[in-house]
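First the structure, in the form of structure tokens, and then the observations on it.
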Amino acid sequence: MSTIANSNPTDGGPSRYHARSLVIWARTNLFARPIDVILTSGIALAAVALIWAVLPWAILDATWQGSSRADCRPDAACWAFIINRSGQFIYGFYPATERWRVDLVFLAFAAALLVLLNRRLAGKQVAAAFLILVFPFLSFVLLHGGIGGLPRVTTEKWGGLSLTILLGVAGIVVSFPIAIVLALGRQSEMPVLRWASVGYIEICRGLPLIAVLFMARILLPYAFPPGTEFDPLALAVVGIILFESAYLAEVFRGGLQAIPKGQAEAASAIGFGYWRTAIYITLPQMLRMVVPGIVNNAIALLKNTTLVVILGLFEVLNIVAAGAADPDWLGLHAEGYIFVGLVFWTLCFGMSRYSQRLERDMRSAERA
Amino acid sequence: MVLAAQRPILEIAGLNKWFGAMHALRDIDLSITAGEKIVVCGPSGSGKSTIVRCVNALERYQTGEVRLEGRLVNADCDSLLSVRREVGMVFQSFNLFPHLSVIDNVTLGPRKLLKIGREEAEHRAMELLARVRLADQARKVPSQLSGGQQQRVAIARALAMRPKLMLFDEPTSALDPEMVKEVLDVMMSLAHEGMTMICVTHEMGFARAVADRIVFMADGAIQETALPEAFFCGDCCARARQFISHVMKERLASQPGEP
Ligand SMILES: Nc1ncnc2c1ncn2[C@@H]1O[C@H](COP(=O)(O)OP(=O)(O)OP(=O)(O)O)[C@@H](O)[C@H]1O
Ligand SMILES: [Mg+2]
């Protein structure tokens with residue numbers, strides 16, 4: 001509707017036009033035939049009834065402050081639980097005095113991402129190189145500590161929302177270069193390389209993540225001498241990368257196949273060999289095409305990270321569930337799961353909207 | 001010695017090429033001296049594109065040889081990439097890089113292969129774009145240009161590598177009629193500057209004006225190699241005469257549709 005209003009700036013005042021077009025839109029879309037009238041009013045009534053039923057529990061009578069369940073009204077939501085525990089839900093068991101390290105890692109990530117995704121900012125190549133080559137190591141050193149005067153924080157202490165995002169980011173960022181190699185390998189003219197890539201992709205894509213994580217937990221100890229300790233976070237990250245790189249590789253292959261053959265031929269005709277053609281011609285074009293596919297995978301992966309509880313890691317879902325088992329806050333599952341649901345929904349919806357905007361931008365840039 | 005100067009820049013000898021069981025090129029012999037312009041024509045499917053693509057090894061051939069200044073060219077030669085740098089190619093479908101601006105399309109090869117700095121490469125690119133009369137379009141992306149403009153950018157992109165030989169594979173047949181001339185004009189001025197050229201084209205006016213020799217192909221073989229005067233006076237084989245009259249008729253048929 002706003003586009004209609006914008007395209008006709010001469011017709012009356014913008015707000016008047018907007019209001020009128022809203023009425024016209026409603027009449028043609030919501031109340032055109034008797035059946036539309038019935039459906040529209042039915043759905044509207046149901047929505048009002050639902051809000052009416054939930055509002056007192058969720059907002060009006062809810063308790064926002066308190067130090068245990070006893071401070072909350074029993075017949076309404078106890079958001080005090082979430083607020084009281086928010087530090088733990090975000091940082092897990094990471095020591096309170098060291099939490100700035102987590103903040104710093106996320107700030108660095110957000111900055112790099114901003115440069116990478118905002119069309120107006122320069123330095124995309126530097127940002128991408130930083131994200132893929134430097135960031136994983138830097139963030140591990142910073143979070144784990146033990147050198148340069150930083151106290152060591154072992155990985156069992158990591159948890160909460162920061163762990164969820166860490167697993168998601170590590171899964172995508174580390175899988176990215178692996179997936180590019182796999183996608184190129186799958187199209188290679190060298191049979192060994194091609195078979196190896198196809199084999200890897202098909203095996204890892206055929207396994208559910210939950211099965212990979214169970215195998216890491218149950219089978220791996222048998223393969224090593226008794227007493228060998230595995231870092232559960234390392235196992236989780238490796239499992240996620242195995243899984244995610246296979247999925248991303250298929251997304252990338254789809255993108256590569258969509259590039260006209262003439263592009264590689266034109267590059268050859270200039271004198272570019274295999275690598276120059278890939279780096280300057282095919283990969284940049286492919287990456288533009290597969291943004292929606294990458295986002296789709298990131299959304300799926302983010303939700304899949306909840307499975308690392310199998311390895312004893314408490315990301316946001318499981319740390320909230322564990323919180324609701326705490327004697328102080330016993331039984332506040334509804335509040336906990338609503339909170340976790342909102343967190344995941346916000347992250348996923350944000351990514352999805354962003355990818356839509358990016359697609360629209362790219363389409364208009366091509367048409368321009 | 002004098003002999004060295006007259007040595008052909010490109011020699012094709014006994015070239016045979018199969019696509020599976022399809023015999024696409026039969027015993028092709030052709031040599032070109034520096035500065036010579038050759039127009040290749042013939043009916044669809046006669047192997048014109050395939051010859052041109054064998055010259056810079058976009059296709060692999062089975063027997064015979066293609067030599068550029070004495071160096072063997074085939075799809076798995078060591079010298080392949082250096083040979084390709086010296087041969088410019090212009091495609092029927094332009095094949096500009098859509099993710100790069102016009103100027104980046106032209107400078108990419110020189111910067112990454114000839115290791116010329118960005119500034120100098122852009123300076124040279126602007127000269128080339130001025131030559132194809134597109135200096136004002138340098139910062140646009142290919143999709144913002146018309147077909148004729150895109151093809152002229154493609155010519156500039158090929159020239160930026162300072163090729164010794166230019167290959168054109170039907171450079172105007174994907175263009176609307178009103179854009180054909182602007183591309184042919186650029187090709188003609190290139191010819192007058194002494195570029196060695198092999199042009200696959202059905203533009204008979206261009207052939208008559210520019211070609212030193214006309215090669216007529218059919219069924220994967222060279223049927224006739226003639227000087228333009230002889231070719232257009234019907235002083236050649238029956239198939240070529242038939243082909244010429246066919247092309248001319250098509251020309252006339254398309255004339256009334258033009259604005
Ligand atoms: N990649 C390929 N695989 C199989 N056959 C091919 C391939 N490319 C070309 N051919 C066949 O080789 C023959 C010669 O093709 P070529 O493209 O050289 O013809 P052409 O003279 O350029 O025709 P046109 O005027 O239509 O461009 C044709 O019969 C074509 O079908
Ligand atoms: Mg052809």
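What you see is a predicted model; the values in this text were computed from it and never measured. A, B, ... follow the sequence lines: proteins, then strands. Residue 1 opens every chain. Computed over heavy atoms, backbone and side chain alike; hydrogens, waters and symmetry mates excluded.
Between B/L81 and A/F272 the shortest heavy-atom distance is CD2-O, 3.9 Å. Counting all heavy atoms, side chain and backbone alike, A/A266 lies closest to B/N95 at CB-O, 3.5 Å. Taking each heavy atom of A/G271 and B/R84 in turn, the nearest pair found is CA-CB, 3.9 Å.
Residue A/R357 places its CZ atom among 12 or fewer non-hydrogen atoms of other residues, nucleotides or ligands, all under 6.0 Å distant. When the shell of 6.0 Å around CD of A/Q257 is examined, it contains more than 12 heavy atoms from other residues, nucleotides or ligands. The environment of B/E193 atom CD is dense: over 12 non-hydrogen atoms of other residues, nucleotides or ligands sit within 6.0 angstrom. Within a 6.0 Å sphere centred on CZ of B/F19, heavy atoms belonging to other residues, nucleotides or ligands number more than 12.
For residues 172-187 of chain A, an interface with chain B (any heavy-atom pair closer than 4.5 Å) does not exist.
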Next on the checklist: Is there a side-chain contact (heavy atoms from CB on, under 4.5 Å) between B/L113 and A/I270? Walk through the geometry before answering.
Outcome noted: CA-CA 9 Å; B/L113 292 174; A/I270 292 177; 3.9 Å; yes

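Options B/R157, B/K140, B/E86 differ in how many heavy-atom pairs under 4.5 Å they form with chain A, and the most are formed by B/R157. Heavy-atom pairs under 4.5 Å with chain A peak, among B/L100, B/V90, B/L108, at B/L108.
Neither the backbone nor the side chain of B/L167 has a heavy atom closer than 4.5 Å to any heavy atom of chain A.
B/H99 NE2 to A/M289 CE: the interatomic distance, rounded to the nearest 0.5 Å, is 10.5 Å.
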